J.: 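Below you'll find the structure I mean.
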Amino acid sequence: MTLLAFLDYASVFVFALTGALVASRAQLDLVGFVFIASLTAVGGGTLRDIILNRDVVFWVDHPAYIGVAALAALLVFLTAHLLESRYKTILWLDACALAVAVPAGVAVALATNQPPSIVIIMGIITGCFGGLMRDVVCNEVPLVLKQGELYVTCAMAGGIAASIALYFDIPEPTALLICAGSAFALRAGSIQFGWHLPVYKAYPPRQK
Amino acid sequence: MTLLAFLDYASVFVFALTGALVASRAQLDLVGFVFIASLTAVGGGTLRDIILNRDVVFWVDHPAYIGVAALAALLVFLTAHLLESRYKTILWLDACALAVAVPAGVAVALATNQPPSIVIIMGIITGCFGGLMRDVVCNEVPLVLKQGELYVTCAMAGGIAASIALYFDIPEPTALLICAGSAFALRAGSIQFGWHLPVYKAYPPRQK
Amino acid sequence: MTLLAFLDYASVFVFALTGALVASRAQLDLVGFVFIASLTAVGGGTLRDIILNRDVVFWVDHPAYIGVAALAALLVFLTAHLLESRYKTILWLDACALAVAVPAGVAVALATNQPPSIVIIMGIITGCFGGLMRDVVCNEVPLVLKQGELYVTCAMAGGIAASIALYFDIPEPTALLICAGSAFALRAGSIQFGWHLPVYKAYPPRQK
């Protein structure tokens with residue numbers, strides 16, 4: 001199995017866990033769990049593949065990805081009641097998934113010889129859009145919009161870190177590890193210690 | 001007209017009716033009716049065609065599909081006030097549209113020689129995503145998320161039934177009929193008799 | 001720079017301004033501004049390019065588009081507090097962006113030799129879907145659904161005007177100007193003078 005395939009499978013599995021946990025908050029049945037888990041798991045990568053106009057979307061070529069997502073959904077369906085806080089678990093699993101999906105997106109863009117700007121953007125799309133679709137469909141406040149939290153920033157930082165590493169001729173697998181590490185470190189710091197960028201403030205916040 | 005084209009036209013027409021009815025609940029004007037009707041009618045099939053990387057999206061090749069959707073929108077604009085319960089009408093028309101769209105998706109996937117897993121998934125995408133887009137854009141609770149109702153399950157069952165029928169060398173048109181029949185029967189049973197799968201239960205349902 | 005590229009850049013810039021203003025209403029940080037601005041700015045054109053199956057999505061070919069969107073986001077981040085009414089500014093900028101995006105969509109469809117119906121639809125998609133994605137993700141009421149306002153109608157009118165002009169052998173650049181002018185005039189009239197089409201009325205408006 002190539003590194004790229006491993007990253008894709010890992011991000012599919014972990015994103016599927018978060019999707020299934022959101023499905024559990026909406027009290028769906030097992031098929032609903034699998035549906036939301038799959039949407040979350042392959043949404044970002046599907047959009048990446050379509051925008052890059054790849055010949056075949058990754059999971060159409062290898063339907064096993066959907067099997068992995070379904071497995072994650074089943075696991076959550078059977079065990080989610082054991083969790084102390086499902087919301088906190090979603091947050092941390094989502095952080096792990098982000099940290100794996102961003103290098104997966106970066107690697108696909110590199111494989112099609114894109115310039116650094118597109119490499120970074122594909123990292124962001126792969127990392128952020130699966131969760132975004134999950135939240136929009138399930139009517140949760142999208143994590144990408146959570147005020148005073150780093151999210152898209154983490155994906156972007158991962159993509160930039162990988163691009164810089166590659167510029168200095170660091171081998172690709174190492175660059176992807178650096179990418180995953182920086183994305184996760186930033187996101188974890190934001191969840192745990194409240195790291196954030198200055199937000200826009202205006203009074204009143206939502207004038208009509 | 002091929003069976004595939006007939007299925008596509010029929011599902012476009014009936015999904016457009018549901019879209020227009022949702023537009024009537026949002027009190028839009030005629031163009032708004034046509035817009036939401038078209039989005040609902042071709043949304044699922046468009047996503048299917050894009051993911052399968054077909055050369056041309058079906059309605060770009062035959063713009064008459066959009067004309068059919070517009071006709072359905074006009075029909076609803078003129079007659080929706082005669083309905084006793086628009087919500088119930090939406091539910092039942094949506095069930096019919098689902099029962100036609102799933103075999104349409106299955107047929108396209110078969111025409112491109114996909115394995116059974118992708119055939120089933122394309123049935124689900126074609127059947128469920130048009131209505132999902134309608135509900136997300138119009139801010140209705142997505143039917144796919146309605147607690148204690150079968151929806152994605154019906155689409156999946158239709159796809160599985162078709163795959164099994166084809167495995168036993170039943171001719172494709174018959175297999176597609178079986179597909180439509182099983183999807184509709186399950187959905188109708190769920191609406192009328194409350195058939196459902198066990199849902200995930202946890203207390204409290206939405207912890208923060 | 002071709003007329004087509006100019007239209008695309010202009011609509012990207014102005015739609016990005018509206019996206020950033022919506023981000024300011026949600027009190028995001030600078031990266032959030034850039035994210036929502038880019039989504040709004042290239043969302044419609046991306047969908048157009050994917051549906052038309054163009055070889056490369058426009059901004060993947062020329063990442064400068066994203067740079068333009070980021071610039072617009074920065075501009076709004078630094079100056080939005082100076083605005084008297086952000087909502088009114090969003091409305092009018094969105095009207096300008098619509099008036100530029102519709103001819104951009106029309107021009108791309110013409111370049112790929114589509115029939116008038118598809119030309120008009122591509123104008124609508126390019127003009128309306130970026131703002132629609134912005135509003136759905138940020139949980140604002142989509143402008144396309146605002147009751148008693150012309151929105152999709154303006155995009156459609158622009159596309160129809162261009163098609164008629166081209167039918168009478170008016171040169172393409174002039175036809176695109178007529179397209180932009182009619183879309184803007186209708187939208188401006190709707191915002192300023194309340195122009196609207198008759199809306200569907202039923203009592204009670206949202207029966208369950």
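Just so we're on the same page: letters track the sequence lines, and every chain starts at 1. Atom set for the values below is all heavy atoms of this structure, side chains included, hydrogens, waters and symmetry mates excluded. Keep in mind that what you see is a predicted model, and the values were worked out from it rather than measured.
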J.: Which pairs of donor and acceptor atoms, one on a side chain in residues 154-172 of chain C, lie under 3.5 Å apart (sequence neighbours left out)?
T.:
from	atom 1	to	atom 2	distance (Å)
C:Ser163	OG	C:Gly159	O	3.0

J.: Below 4.5 Å from any heavy atom of chain B, which atoms of C:Val152 appear? Answer side chain, backbone, both or neither.
T.: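 Looking at C:Val152, backbone and side chain both touch chain B.
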J.: Can you pull out the residues in residues 96-123 of chain B with any heavy atom less than 4.5 Å from chain C?
T.: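 Within residues 96-123 of chain B, no residue comes under 4.5 Å of chain C, counting heavy atoms only.
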J.: Who passes side chain to side chain contact (heavy atoms under 4.5 Å, CB included) against B:Leu74, sequence neighbours left out?
T.: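 If we apply the side chain to side chain contact (heavy atoms under 4.5 Å, CB included) test to B:Leu74, skipping adjacent residues, the hits are B:Leu30, B:Leu78.
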J.: With only heavy atoms counted, which part of B:Ile90 is less than 4.5 Å from chain C, the side chain, the backbone, both or neither?
T.: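 For B:Ile90, no heavy atom lies under 4.5 Å from chain C.
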J.: Counting only non-hydrogen atoms closer than 4.5 Å, does C:Pro198 touch chain B with its backbone (N, CA, C, O), its side chain (CB onward), both, or neither?
T.: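 For C:Pro198, the backbone is the part near chain B, not the side chain.
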J.: Would you mind telling me which of B:Val60, B:Thr46, B:Val57 has the largest number of heavy-atom pairs within less than 4.5 Å of chain C?
T.: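 Winner by heavy-atom pair count: B:Val60.
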J.: Side chain to side chain contact (heavy atoms under 4.5 Å, CB included) with C:Asp61: which residues, sequence neighbours excluded?
T.: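 Side chain to side chain contact (heavy atoms under 4.5 Å, CB included) check on C:Asp61 returns C:Val56.
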J.: Using non-hydrogen atoms only, which part of B:Ala23 is less than 4.5 Å away from chain C: side chain, backbone, both, or neither?
T.: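 Neither the backbone nor the side chain of B:Ala23 comes within 4.5 Å of chain C.
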J.: Taking C:Tyr200 for its side chain and B:His81 for its backbone only, find out whether a donor-acceptor pair lies under 3.5 Å.
T.: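 Such a contact is found between C:Tyr200 side chain and B:His81 backbone.
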J.: Atom CG of B:Asn139 and atom CG of C:Asp135: how far apart are they, to the nearest 0.5 Å?
T.: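 The CG atom of C:Asp135 is 11.5 Å from CG of B:Asn139, to the nearest 0.5 Å.
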J.: With a 4.5 Å heavy-atom cut-off, do B:Leu39 and C:Phe129 have their side chains touching?
T.: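 In short, these two side chains touch, coming nearer than 4.5 Å.
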J.: What's the separation between atom CZ in B:Phe35 and atom CG in C:Leu145, rounded to the nearest 0.5 Å?
T.: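 It comes to 7.5 Å.
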J.: Supply the atom-to-atom distance C:Leu150 CG to B:Asp29 CG, rounded to the nearest 0.5 angstrom.
T.: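 The distance works out to 6.5 Å.
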J.: In terms of heavy-atom pairs under 4.5 Å, which option from C:Ile51, C:Val136, C:Ile50, C:Leu132 contacts chain B the most?
T.: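 Option with the top pair count is C:Ile51.
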J.: With a 4.5 Å heavy-atom cut-off, do B:Asn53 and C:Asn53 have their side chains touching?
T.: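 SC-SC contact between B:Asn53 and C:Asn53 confirmed.
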